[in-house]
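Below is one structure, written out as structure tokens, with a few remarks after it.
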Amino acid sequence: MWAINVHIINIIRGYMELEILAPCGSQESLIAAIRCDANAVYLGTKELNARRGADNFGGDALKDAIKYAHSHGVKVYLTLNTLVSDGEMEEAYSIVENALLCGVDAFIVQDLGLAKMMRESFPQAKLHASTQCSVNTPDGFRALSELGFSRAVIPREMSLDEIKEIRNSTDMELEMFVHGALCMCVSGQCYLSAMLGSRSGNRGLCAQPCRLAFSADNSGSCDLSLKDLSLISHIKEIESAGVISLKIEGRMKRPEYVAAAVTACKKAIGGEYNPEDEKVLRSVFSRSGFTDGYFTGKRLDMFGTRQKEDVVSADSVLKELSHLYDNENPLLPIDMHLICKENQSVTLTASALGKTVTVSADAPEKAINKPMSTQSVTARLAKLGGTQFYANDITVELGDGLIVPASTLNALRRSAVERLSEQPTPKIVSNPYEAVKPRIRSGAPYYTARFSSAAQIPDGHPFRRFFIPIWSDDEDFINSGAGVELPRGLFGAEEKMRKRLNELKKLGVTQALCSNLGAYKTAQELGFDVYGDYGLNIFNSESARQFNSPILSFELTLEQANRINAEDTGIIGYGKLPLMLTRNCPVKNRIGCDKCGKNGTLTDRKGYKFPVKCSSYPCVEILNPVALYLGDRINEIKTDFIHFYFTDEDKSDISRLVNMYNKREKSDDNYTRGLYYRGVK
């Protein structure tokens, strides 16, 4: 029954074939992708995209790239998949406007504030939700649809059954990564690179520290480094699950990689993918091979690093792969109809790419010797070498005893091809964007908090709102009067969460703190007073205005946070910040749950120990080893409230810390100021 429904959805949407979506970080990769028969490409400008280290497409390069792609029947999706500050919103407006004028087909967007600006300023802009939106539940995808997104990229961490659950909940287009690098962290929820070196993954400059040594057993092992993803052998299952776009990761990789991956996907769609093809893919780039662990639910053998043999194996395949895109491949059919009659202009009508053009030349002459034949004219028109077209249906109406110079027929054919390849100048409708002015606040901020357990809550505490995790005991909620903190990672667990929320509602719990768009929607529909948490990555005023009393991203500087113009905003002012949300536990993989005892840590190269916290929900969190502290700088905080993120502190520690904040005292403990004064790149 389910497969029939998906089939009907695909017919309604008009998809007769899967879309192969290729990464293009350079002009060479663009050419490789298109000549190897990708259906669409995604690329970025020099700014505001999640691969700022790639060559990318600035200035006229974007216009030229779109023109080339469209002349080959290939769509172009522009990546605006980073968080955008208030000060960058006008720049984003200009990028969107220019891209629409260049004819871009859609935008891949992470920032919900940017998406709001685009909807209001450019109604025709087609929005695709980036996997960086961290949406992993049916309610989350429904929320994206309500926010104006027509397509969403499925998280890499989902199993086949979980993908089917999403498909049954929405009629949005679904896009899915089928090949390329795997991040250990759920996309959009990684702050490791930002905290360690100010290079933010949410801003397009991740330094990939997770590929270095973070060891669960102090052996120097790389327990945060996953093998590369490859689901190309599963494409038929993916298609049956209702996914319409097969996305290849790799805007930082060489064009040979792009050519190999696109070709492999094409073969798999045609049922021709074999072990030799996978061997080529592994040779061109891999980390100890490939994994399909998330898709199949078998997550034990997913870890790997880039080995010497992985590097040297590329030498044997790169030259051969480069020949896949040496020259234009005739990938598009063209129909032509020539009319050649006495005393009439010779006309050639050609159709391709959904367009029809007609070109003409002088009338033919009477042949002195041998007149033209239908066969000779057809052969001349079919000479399309060096173009993207191949002759499909050629018909000729030819009068008796006539001749047209071969140069004239060649010129007609070339002219028709050029005109079919031309792109009209798009017309756009736009509304001006007015930059948000900073909000001026006065008065001391109030306090809110989250606790790992009710046992931490001190008597006579000062917190206006406070929350404990959803898996806490009923008595903890009843006795403390706490609100409920919902998990960031809910893969396949939305119904479990919904059932628990209904139970808590009957107990009298009324408030919910939500770090995930889907959880926010679920709790809101169940009648809770819902508050936005840090995992929503609220980086600008437009985003902040879409949530109730939001805790702003801790990747903002304090100055940026203070200037956010929205009602009742706060920052995390204390706590061991959560740096990663992972579905695959690195401690479980290395030493097992028995030895961990829910007290696992990862040790880095410098000897710092990063706590790893698990729960009864699908994901684990990796915390910063040193707590953030701003007690002695509280006079510089101009947000409405300060949020305390308590993890392993006991009740007496918390009472002491609150007293220090009240007295504006400097801490004698080892602490960090986070990113509030150094910011992210």
Side-chain angles (χ1 to χ4, degrees), residues 21 23-27 29-30 40-70 74-133 147-151 153 188 200-206 251-252 423 425-436 537-543 553 555 560 680-681:
L21 177 56
C24 296
S26 67
Q27 179 68 19
S29 291
L30 176 75
V41 297
Y42 65 103
L43 48 82
T45 63
K46 294 290 186 180
E47 304 83 18
L48 303 181
N49 83 86
R51 293 294 182 271
R52 284 161 60 195
D55 289 345
N56 293 316
F57 296 82
D60 292 336
L62 178 63
K63 183 177 181 180
D64 293 340
I66 294 173
K67 180 180 178 181
Y68 179 70
H70 284 179
V74 174
K75 293 182 178 181
V76 178
Y77 307 144
L78 187 71
T79 56
L80 280 173
N81 52 345
T82 63
L83 301 181
V84 179
S85 68
D86 280 345
E88 294 168 328
M89 202 63 79
E90 289 183 283
E91 178 185 13
Y93 180 98
S94 297
I95 292 172
V96 173
E97 183 178 44
N98 179 62
L100 288 171
L101 288 171
C102 291
V104 76
D105 296 284
F107 298 87
I108 303 173
V109 177
Q110 172 187 9
D111 192 299
L112 298 181
L114 173 61
K116 179 175 180 289
M117 182 275 283
M118 292 173 66
R119 288 195 312 273
E120 295 172 351
S121 301
F122 303 99
Q124 74 195 78
K126 190 173 183 181
L127 300 179
H128 294 177
S130 168
T131 189
Q132 291 283 115
C133 290
L147 290 171
F149 290 93
S150 61
R151 179 187 290 195
V153 185
S200 168
N202 283 315
R203 299 275 292 161
L205 284 177
C206 179
R251 283 193 287 142
M252 298 287 286
Q423 303 300 314
T425 301
K427 295 180 181 179
I428 66 171
V429 176
S430 63
N431 300 311
Y433 174 71
E434 185 175 345
V436 175
N537 288 326
I538 296 170
F539 207 74
N540 55 62
S541 300
E542 297 287 5
S543 292
S553 167
E555 291 190 293
Q560 288 173 319
V680 292
K681 298 177 182 178

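These numbers come from the heavy atoms of this one structure, side chains and all, not from hydrogens, waters or symmetry mates.
Proximity of V84 to E91: side-chain heavy atoms (C-beta onward) are nowhere separated by under 4.5 Å. The closest side-chain heavy-atom distance from H70 to D105 is below 4.5 Å.
Scanning for ring pair (Phe, Tyr, Trp, His ring centres under 6.0 Å) contacts around F57 gives an empty result, with sequence neighbours left out. Annotation: side-chain contact (heavy atoms from CB on, under 4.5 Å) contacts of A69 (sequence neighbours excluded): I34, V74, V76. Evaluation of the side chain to side chain donor-acceptor pair (under 3.5 Å) rule for S200 yields E555 as partners, not counting sequence neighbours. With sequence neighbours excluded, no residue satisfies ring pair (Phe, Tyr, Trp, His ring centres under 6.0 Å) with Y433. Listed by chain and residue number, Y93, E97, F122 satisfy the side-chain contact (heavy atoms from CB on, under 4.5 Å) test with S430 (two or more places apart in sequence, or in another chain).
For the side chain to side chain donor-acceptor pair (under 3.5 Å) condition, the pairs that include at least one residue of residues 41-50, sequence neighbours left out, are N49-R251.
Within 6.0 Å of the CD atom in E90, the count of heavy atoms belonging to other residues, nucleotides or ligands does not exceed 12. Annotation: K63, atom NZ; neighbour count of heavy atoms from other residues, nucleotides and ligands within 6.0 Å does not exceed 12. Taking a 6.0 Å sphere around CG of D60, one finds it holds 12 or fewer heavy atoms contributed by other residues, nucleotides or ligands.
Side chain to side chain, Q132 and N202 meet the donor-acceptor criterion of an N or O pair below 3.5 Å.
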Verdict with reasoning, Q110 to L83, per side chain to side chain contact (heavy atoms under 4.5 Å, CB included): CA-CA 7 Å; Q110 172 187 9; L83 301 181; 3.6 Å; yes
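In this structure, the side chain of S543 engages the main chain of G113 through a donor-acceptor pair within 3.5 Å.
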